[in-house]
Student: 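Take a look at the following structure, please.
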Amino acid sequence: MNIEKAQKAVCLALLLLFLLAAATSIAALALLVNRDVSVLPVLKASESEIYIIDGSVLSDDEYAMVVSLQGIVAQTESKIYIENSDNYVYVEGFVADHNIAVTEFSDPWELIDACRDCLADDGYVLFETAGSFTINTAATVSGVEKWLSVPKSAQDEAQLYGLVLKADMTAKNADGSYVHTYSSLFDRYKDVLNKNVIIHQSPDLVTLRDYGIATSAFCFYTDENSQQAFDFRQKVYSWANLNAPVLGWSTDELGYVEQASENGLFIIASDHSSNLSYLAGCNRDTPFRQKYAQRDITPDGSKHYVALIMSDGDNLQWCQNLPFTHHYIDRQNSAFDYRMTWTVPPLMAKLAPEALKYLYANANPNDSFISGVSGMGYINPTAYPRGYLKDFARKSVEAMGYAGLSTLAILDNSTSTFKLKRAMKTYADIDGLQGGFMQIADRYQSLNGKIVWCGDKPFISVRKSLWYSSDDGQPMSEWLQGVADEINSLPTDPTSENGYSYINIHPWSMTIADVDYFVSLLDEHIELVSAEELLQLVKTNVRH
């Protein structure tokens with residue numbers, strides 16, 4: 001009798017758990033169904049004048065203040081460009097093409113005075129300093145109210161210039177807590193904030209917020225170790241429109257991307273991106289085109305075909321700064337002439353079109369470009385709401401077409417071929433996409449070159465990843481020799497998936513010199529092709 005009661009109790013408990021899970025799923029579905037689909041904000045750069053200020057002469061507090069002015073001005077017409085190192089090269093062509101008058105400033109207050117008409121009621125919102133979370137709360141207020149974000153260190157000067165305090169993000173309660181928190185500001189402004197974009201930016205950084213202010217986006221940052229912060233981010237994500245971009249970054253990549261994906265949002269790594277409020281306004285009437293010409297290759301039975309693809313091209317900040325990092329410059333200066341493929345974010349064509357134009361124009365003749373993971377932005381497709389993955393994939397292919405990209409890389413942490421195929425089919429169902437490349441789990445190589453077929457469209461997984469770690473227990477040169485030996489030993493059958501290899505290049509642990517050395521270790525029967533060429537060879541020749 002006691003056993004029967006226990007069994008009934010277990011069954012009842014399981015039933016309750018099932019009902020609870022079902023209720024939770026229904027509630028989550030309701031949150032998705034009741035949300036609109038996002039539309040990327042449109043900004044417009046002035047075609048008559050541009051104001052340039054040297055960012056290197058500004059303190060962090062001053063830089064943050066100018067960034068807020070930059071965003072406020074861009075709500076009407078983008079005019080301000082903060083020059084850092086050589087980044088002005090991105091707009092030189094745009095300025096020349098439109099015969100734009102250039103005015104240079106060295107004093108931030110002179111720039112503020114020149115743009116004063118853009119400030120509402122000569123107002124300012126006070127924040128503590130760069131590094132304080134109040135830099136984000138002030139940015140949110142600046143975007144909605146058009147009040148200049150002013151640090152405490154510059155408050156006296158702001159008042160001398162006749163600016164009027166409208167909101168104080170430094171105000172505290174009797175217990176020392178801040179009056180204005182992320183949560184309180186979100187509740188106050190959520191009905192007027194832009195649901196089409198979210199800024200998740202570390203208070204330690206002074207870049208990116210210009211774009212958030214220009215688009216009236218909510219700007220915040222969460223502690224990945226705080227459940228309360230995680231829950232608040234869930235609240236924000238549930239409020240945003242579906243397929244909206246989250247610009248910025250976090251300290252926990254996996255959890256950060258997973259939560260966004262589960263809520264039907266995508267990530268654009270961009271916390272070090274600058275001047276997006278200006279660059280996004282440099283619109284183009286015609287789509288982009290790469291100068292690389294894809295070859296129609298007849299397979300040779302004595303060859304093993306390899307595509308070298310540089311990963312992390314979903315990272316807008318890295319691509320935006322690419323010409324001035326060692327990878328891109330070293331690639332141009334390399335004595336080797338092998339083919340290599342880079343990944344770039346398709347929305348770079350909208351967010352920083354002049355930067356993408358520069359990349360394409362200055363690329364090595366053997367360089368091609370494909371979309372970074374996983375289309376419009378970084379998502380885990382198997383975690384994305386299935387009902388909205390189709391719209392994400394469709395918009396991704398549209399964005400890729402405008403950016404001159406014909407195929408894409410996809411990143412996911414699931415190793416289930418069933419889940420992956422279900423997700424890949426959503427991409428494959430979109431006309432114009434012929435397949436893609438998959439970066440799966442550990443060092444992206446967990447599927448060891450396996451191809452997932454969706455009809456006649458192949459999705460090729462990483463066979464080996466040039467991703468070195470000190471934990472590998474041997475010097476870099478020996479480790480690369482071992483990887484090269486593995487590739488050299490692979491079969492040369494063009495009708496088998498084993499006759500082809502997608503090799504990922506991890507940019508954070510590999511230099512171009514390392515890749516050059518790896519290529520020098522490959523035997524003569526290894527033929528390097530572009531990503532697009534490998535995809536076409538597999539699609540045309542592999543039995544499936």
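Since this is a predicted model, take the numbers as computed values, not measurements.
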Student: For F220 together with F232, are the ring centres under 6.0 Å from each other?
Tutor: yes
Student: Take atom CD of E478 as the centre, draw a 6.0 Å sphere, and report whether it contains more than 12 heavy atoms from other residues, nucleotides or ligands.
Tutor: yes
Student: Run the salt bridge (charged side-chain N to carboxylate O under 4.0 Å, His left out) test on K235 and D231 for me, step by step, so that the C-alpha distance in whole Å, both residues' side-chain angles and the decisive distance to 0.1 Å come before the verdict.
Tutor: CA-CA 6 Å; K235 179 180 179 180; D231 292 342; over 6 Å; no
Student: Could you go through H200 and S250, starting from their C-alpha distance and side-chain angles, then the distance that decides it, and tell me whether this counts as side-chain hydrogen bond (donor to acceptor under 3.5 Å, both in side chains)?
Tutor: CA-CA 8 Å; H200 190 265; S250 184; 4.8 Å; no
Student: Take F266 and Y378 through the test ring-ring contact (aromatic ring centres under 6.0 Å, His included) and record every step on the way to the result.
Tutor: CA-CA 6 Å; F266 61 90; Y378 182 3; over 10 Å; no
Student: Apply the test ring-ring contact (aromatic ring centres under 6.0 Å, His included) to residues F133 and Y221: give CA-CA distance (whole Å), side-chain angles for both, the deciding distance (0.1 Å), then the verdict.
Tutor: CA-CA 8 Å; F133 86 98; Y221 193 69; over 10 Å; no
Student: Within 45 degrees of the axis of the six-membered ring of Y338 and under 6.0 Å from its centre: does R331 put its NZ or CZ there?
Tutor: yes
Student: When you measure from the side chain of N87 to the backbone of N84, do you find a donor-acceptor pair of N or O atoms at a distance under 3.5 Å?
Tutor: yes
Student: Angle class for the F392/Y384 ring planes (parallel below 30°, perpendicular above 60°, tilted otherwise)?
Tutor: tilted
Student: Might you confirm whether atom NZ of K419 has over 12 heavy atoms from other residues, nucleotides or ligands at distances under 6.0 Å?
Tutor: no
Student: So, taking the atom named CG in N362 and the one named CG in N364, what distance separates them when rounded to the nearest 0.5 Å?
Tutor: 11.0 Å
Student: Would you sort out whether D337 and N366 count as a side-chain hydrogen bond (donor to acceptor under 3.5 Å, both in side chains), showing the intermediate values?
Tutor: CA-CA 7 Å; D337 61 356; N366 285 318; 5.3 Å; no
Student: N315 and A269: which non-hydrogen atoms are nearest, and at how many Å?
Tutor: OD1-O, 3.5 Å
Student: Taking all heavy atoms of Y427 and all of A393, pick out the closest pair and write down the distance.
Tutor: CD2-CB, 3.9 Å
Student: Is the backbone N or O of Y328 less than 3.5 Å from a side-chain atom of Q332, with the two atoms forming a donor-acceptor pair by type?
Tutor: yes
Student: Could you tell me which non-hydrogen atom of L490 sits nearest to which non-hydrogen atom of N498, and how far apart they are?
Tutor: CB-O, 4.4 Å
Student: Would you check if there is a donor-acceptor pair between the side chains of N136 and Q201 at a distance under 3.5 Å?
Tutor: no
Student: What pairs with P287 under side chain to side chain contact (heavy atoms under 4.5 Å, CB included), at least two apart in sequence or on another chain?
Tutor: R289, Y402
Student: Taking atom types as modelled, find out whether R463 and N504 have a side-chain donor-acceptor pair closer than 3.5 angstrom.
Tutor: no
Student: Please check if the side chain of S270 supplies one atom and the backbone of I268 the other of a donor-acceptor pair under 3.5 Å.
Tutor: yes
Student: Consider only side-chain N and O atoms of S277 and D210, and report whether a donor and an acceptor are under 3.5 Å apart.
Tutor: yes
Student: Strictly by salt bridge (charged side-chain N to carboxylate O under 4.0 Å, His left out), give each pair with a member in residues 480-493 just once, sequence neighbours left out.
Tutor: K464-E486
Student: Under 3.5 Å, is there a donor-acceptor pair between the W342 and D367 side chains?
Tutor: yes
Student: Side chains of S368 and T341: donor-acceptor distance under 3.5 Å anywhere?
Tutor: yes
Student: Would you tell me whether Q481 and S477 have side-chain atoms, one donor and one acceptor, within less than 3.5 Å of each other?
Tutor: no
Student: Any chance the side chains of Q434 and D456 put a donor and an acceptor closer than 3.5 Å?
Tutor: no
Student: If you draw a 6.0 Å radius around NZ in K539, do more than 12 non-hydrogen atoms from other residues or ligands fall strictly inside?
Tutor: yes
Student: For K390, is the NZ atom crowded, meaning more than 12 foreign heavy atoms sit under 6.0 Å from it?
Tutor: no
Student: With side chain to side chain contact (heavy atoms under 4.5 Å, CB included) as the criterion, how do K357 and R284 come out once you've worked through the C-alpha distance, each side chain's angles and the decisive distance to 0.1 Å?
Tutor: CA-CA 10 Å; K357 176 183 176 182; R284 292 169 51 94; 3.9 Å; yes
Student: Run I505 and I309 through side chain to side chain contact (heavy atoms under 4.5 Å, CB included) and show every step you take.
Tutor: CA-CA 6 Å; I505 303 170; I309 304 178; over 6 Å; no
Student: Does the pair N380 and S261 meet the rule for a side-chain hydrogen bond (donor to acceptor under 3.5 Å, both in side chains), with working shown?
Tutor: CA-CA 6 Å; N380 296 144; S261 296; 4.5 Å; no
Student: Could you go step by step and tell me if E224 and R233 meet the salt bridge (charged side-chain N to carboxylate O under 4.0 Å, His left out) rule?
Tutor: CA-CA 10 Å; E224 297 293 345; R233 191 167 69 195; 2.7 Å; yes
Student: Can you find a side-chain donor-acceptor pair between Y468 and Q474 that sits under 3.5 Å?
Tutor: no
Student: Please determine whether the number of non-hydrogen atoms from other residues, nucleotides or ligands lying under 6.0 Å from atom CG of N333 exceeds 12.
Tutor: yes
Student: Ignoring hydrogens and geometry, is there a side-chain-to-backbone donor-acceptor pair from S334 to D330 under 3.5 Å?
Tutor: no
Student: With side-chain hydrogen bond (donor to acceptor under 3.5 Å, both in side chains) as the criterion, how do S414 and S416 come out once you've worked through the C-alpha distance, each side chain's angles and the decisive distance to 0.1 Å?
Tutor: CA-CA 6 Å; S414 174; S416 166; 4.7 Å; no
Student: So, Q317 and N321: side-chain donor and acceptor under 3.5 Å apart, yes or no?
Tutor: no
Student: Going through the checks in order, is the salt bridge (charged side-chain N to carboxylate O under 4.0 Å, His left out) test met by R443 and D472?
Tutor: CA-CA 12 Å; R443 300 198 201 187; D472 288 314; 3.1 Å; yes
Student: Assess the side chains of H506 and D312: does a donor N or O sit below 3.5 Å from an acceptor N or O?
Tutor: no
Student: To the nearest 0.5 Å, tell me how far K425 NZ sits from L420 CG.
Tutor: 15.0 Å
Student: Could you walk me through whether L279 and L351 pass side chain to side chain contact (heavy atoms under 4.5 Å, CB included), step by step?
Tutor: CA-CA 6 Å; L279 290 170; L351 294 172; over 6 Å; no
Student: The criterion is side chain to side chain donor-acceptor pair (under 3.5 Å); which residues satisfy it with T343, sequence neighbours excluded?
Tutor: none
Student: Take F218 and W239 through the test ring-ring contact (aromatic ring centres under 6.0 Å, His included) and record every step on the way to the result.
Tutor: CA-CA 11 Å; F218 184 57; W239 158 87; 7.1 Å; no
Student: Counting only N and O atoms by type, is there a donor-acceptor contact under 3.5 Å from the side chain of T511 to the main-chain atoms of H327?
Tutor: no
Student: Determine the minimum heavy-atom distance between L265 and A240, stating which atoms define it.
Tutor: CD2-CB, 4.2 Å
Student: What do the steps show when you test Q536 against I297 for side chain to side chain contact (heavy atoms under 4.5 Å, CB included), and what is the final call?
Tutor: CA-CA 9 Å; Q536 187 59 40; I297 301 174; over 6 Å; no
Student: Is R386 close enough and on-axis enough to Y388, meaning under 6.0 Å and within 45°, for cation-pi?
Tutor: no
Student: Any luck finding a side-chain donor-acceptor pair between T495 and R543 under 3.5 Å?
Tutor: yes
Student: Ignoring hydrogens, what is the shortest heavy-atom contact between P458 and I451? Give both atom names and the distance.
Tutor: CB-CG2, 3.8 Å
Student: Indicate, with yes or no, if the rings of W508 and W318 have centres closer together than 6.0 Å.
Tutor: yes
